[in-house]
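Structure first, commentary second.
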Amino acid sequence: MAQYIASIDQGTTSTRCMIFDKSGSVVSVDQLEHEQIFPRAGWVEHDANEIWNNTRDVIRGALAKANLDASNIDAVGITNQRETALVWDKTTGEPVYNAIVWQDTRTQKICDELAALGGGADRYKAKVGLPLATYFSGPKVRWVLDNVDGARERAEAGDLVFGNLDTWVLWNLTGGAANGGVHVTDVTNASRTMLMDLDSLGWDEEIAGEMQIPMSMLPQIESSSQVYGECHEEVLRGVPVAGILGDQQAATFGQVCFEVGTAKNTYGTGNFMLLNTGEEKVPSENGLLTTVCYKIGDQQPIYALEGSIAVTGSLVQWMRDNLGIVSSAPEIEDLAKTVDDNGGAYFVPAFSGLFAPHWRSDARGALVGLTRFVNKGHIARAVLEATAFQTREVLDAMNADSGVPLKELKVDGGMVVNETLMQFQADILDVDVVRPKVAETTALGAAYAAGLAVGYWSDQEEMRQNWGEDKRWTPNMDNDAREKTYRNWKKAVTKTLDWVDEDVD
Ligand code: ADP
C-alpha cells in the first residue's frame, strides 16, 4: 500500500487538507471557508473554534476522498496564515477573544506608543528584521491583554497562552487542553511576531517586556522540519506532526527556492515575494522584511528578504462582495478584456494602509485618474494592474537590496490562473514570469517539510526533481509605455498617503 503525506493549509479565507504522493502530486483535497468578521472599519477577526472544526472536517474529507486512513499517512505538515494572533486558556482550551487577523489595523496606537519610546518604527528592526506595524502579532497580543476583561490577570497567572494559527492547529491536533497538546511554533512563524531575535532564534525578553506580554504565554520555538508530537485527533491518531512553515515560507519551500538568489511570488489575498538569502541575514534598506525562510532540523537557519503586499486578490473579492461588479473572481478577467487598457484609471488598494515597500499605515485606498471615459472594464483592468504594479515596487526594492537583479519570477497562488494579469505582470516587470505544474506550492511546502523529517523524501534534491514548469509569460511591452504607466502608478500612490488623522481610531 502506497504511503502519503498530509498537509494542512490554514489560510486567511479557508482551511484545506491536501494529500501528496512522493512525486509531489496532489492526491486529494478538501477545503472549507470560514467567516471573515469585520466588527469595525480596519478590524478583521476569525473565530478560532470554527477554524479548528473546519480543520478536523477537511482532514476527514481529504482522507475519505482518497479512500485512505491514518495508517496510509507517514506525517502531517502544517502551514498557516502568519501573524494572525490568538490567545486562549490552556486549561479549558477556550479562546479569550477571536483571532486578530494579520490585516487588522487596530494596534496602530500601540505601535505608535512603542515607536515613541525611541527609534521610531525601526525600534526593533535590527533584532527582529521588521518595522513596527499593525501587521505583526506581538502588538495584537498586547491589545487582547489590554482590552479583554480579566485577560491580563489570567495571563500573568500563567493561565493564558498565545499562538499564531500554526500553534492553535498543532496544539489541538496533538491533544488540546484535555490530552496534553503541544505548545510549539516554528522559527518562520516566530519570526513574524516581532518578539523573536533573528540571530538566537529565541524570544527576546526585552521586547516582550516592552509589549507587556508575559513570557509564559509564548510557545516553544522549534525548527520547521522535525517531529513535534503525534496526532491525538482520532482520524489521524498516532501520525507524527513533522513540519510547520508560515504560508509564504511554505510556498518558497514548495517552489524549491533552495539556492541563494532564488525567489517566488505568491498571489493570494495579498502578495508575498520571498528571496532566499541563505545563511546570511540581509537587513533591508528599501522597505523589505528580513525573515526566517526555513530551518531543517538542527541545520543552520536559512533567511529571506520579503516584500509583503496586503491587498491584491482581496481587491478582486471586494469588487465581487462589496460592489457586486463581478459575481465571481474569474469574471474580473472577462471584464478587463472588454477594454485595451486602464483608460487612465489607477486603483491603489491601501485598505490596510500600505505594506512593502512603503509601510504607511496612514494610507487608505484610492481610485484616481477618473474621467467620463472610464467604464467598469477599465476599473477591472485597474484592479488587476494594481497587483502587478505593487509587485513591481517590491521587485525594485528586492533588486536594490540584493544588488543582483532577478532574471525570472516563479509565481503561484489563486490569482495566477489569470492570464491577463500574468502577461501584464511580465510586461511591467520586464522579466519572465513562470508558473509551476503544481500550483499548490504552499501546501506542498509544508508536506515537504514534514516528509523530510520522517524520511519520506530523502533530501531536497528529490523535491527539486519534482518541480516542473507549466507556463511562461515573456515581456511584450515597449520600454516607454512601461515606464510611463509605472510613473502614473507611483503618482497614484502619493494620493493615498496622509489620509488617516491621528484622532481617528
Ligand atoms: P489565500 O491562500 O490567501 O486565501 P488563494 O491563493 O486561495 O488565497 O487565492 C485566492 C485569491 O485569488 C482571492 O482573493 C481571489 O479574489 C483571487 N482570485 C481567484 N481567482 C482569480 C482570478 N481568476 N482572477 C483574479 N483573482 C482571482
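Whatever order the structure lists them in is the order used to number ligands and atoms, beginning at 1.
Checking only distances, T12 never comes within under 3.5 Å of ligand 1, N or O to N or O.
Taking the ring axis of W102 as reference, the NZ or CZ atom of R82 does not stay both within 45° of it and closer than 6.0 Å to the ring centre.
The single protein non-hydrogen atom nearest to atom 17 (C) of ligand 1 is M415 CG, 3.7 Å, given as residue, atom name and distance.
When S328, G414, A443 are ranked by how near their heavy atoms come to atom 6 (O) of ligand 1, first place goes to G414. With distances taken over non-hydrogen atoms, the option nearest atom 14 (O) of ligand 1 out of G313, S14, A329 is G313.
Both the backbone and the side chain of T269 come within contact range of ligand 1, each with a heavy atom under 4.0 Å. In T13, the parts holding a heavy atom less than 4.0 Å from any atom of ligand 1 are both the side chain and the backbone.
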Test ring-ring contact (aromatic ring centres under 6.0 Å, His included) on Y448 and F20 and set out the steps. CA-CA 9 Å; Y448 277 164; F20 288 95; 7.6 Å; no
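Annotation: F389 is in aromatic contact with F424 [ring centroid separation under 6.0 Å]. Aromatic ring centroids of F38 and W43 lie 6.0 Å or more apart.
At least one heavy atom of G268 sits closer than 4.0 Å to an atom of ligand 1. Heavy-atom distances between E333 and ligand 1 stay at or above 4.0 Å for every pair. Within the 4.0 Å heavy-atom cutoff, S314 counts among the residues contacting ligand 1.
Ring geometry, W168 versus W171: the interplanar angle falls under 30°, so the pair is classed parallel (tilted spans 30 to 60°).
Just one residue in the list Q103, K140, R192 forms a side-chain hydrogen bond (donor to acceptor under 3.5 Å, both in side chains) with Y135, and that residue is R192.
The existence of a salt bridge linking D478 and R482 is excluded, since no basic side-chain nitrogen approaches an acidic carboxylate oxygen closer than 4.0 Å.
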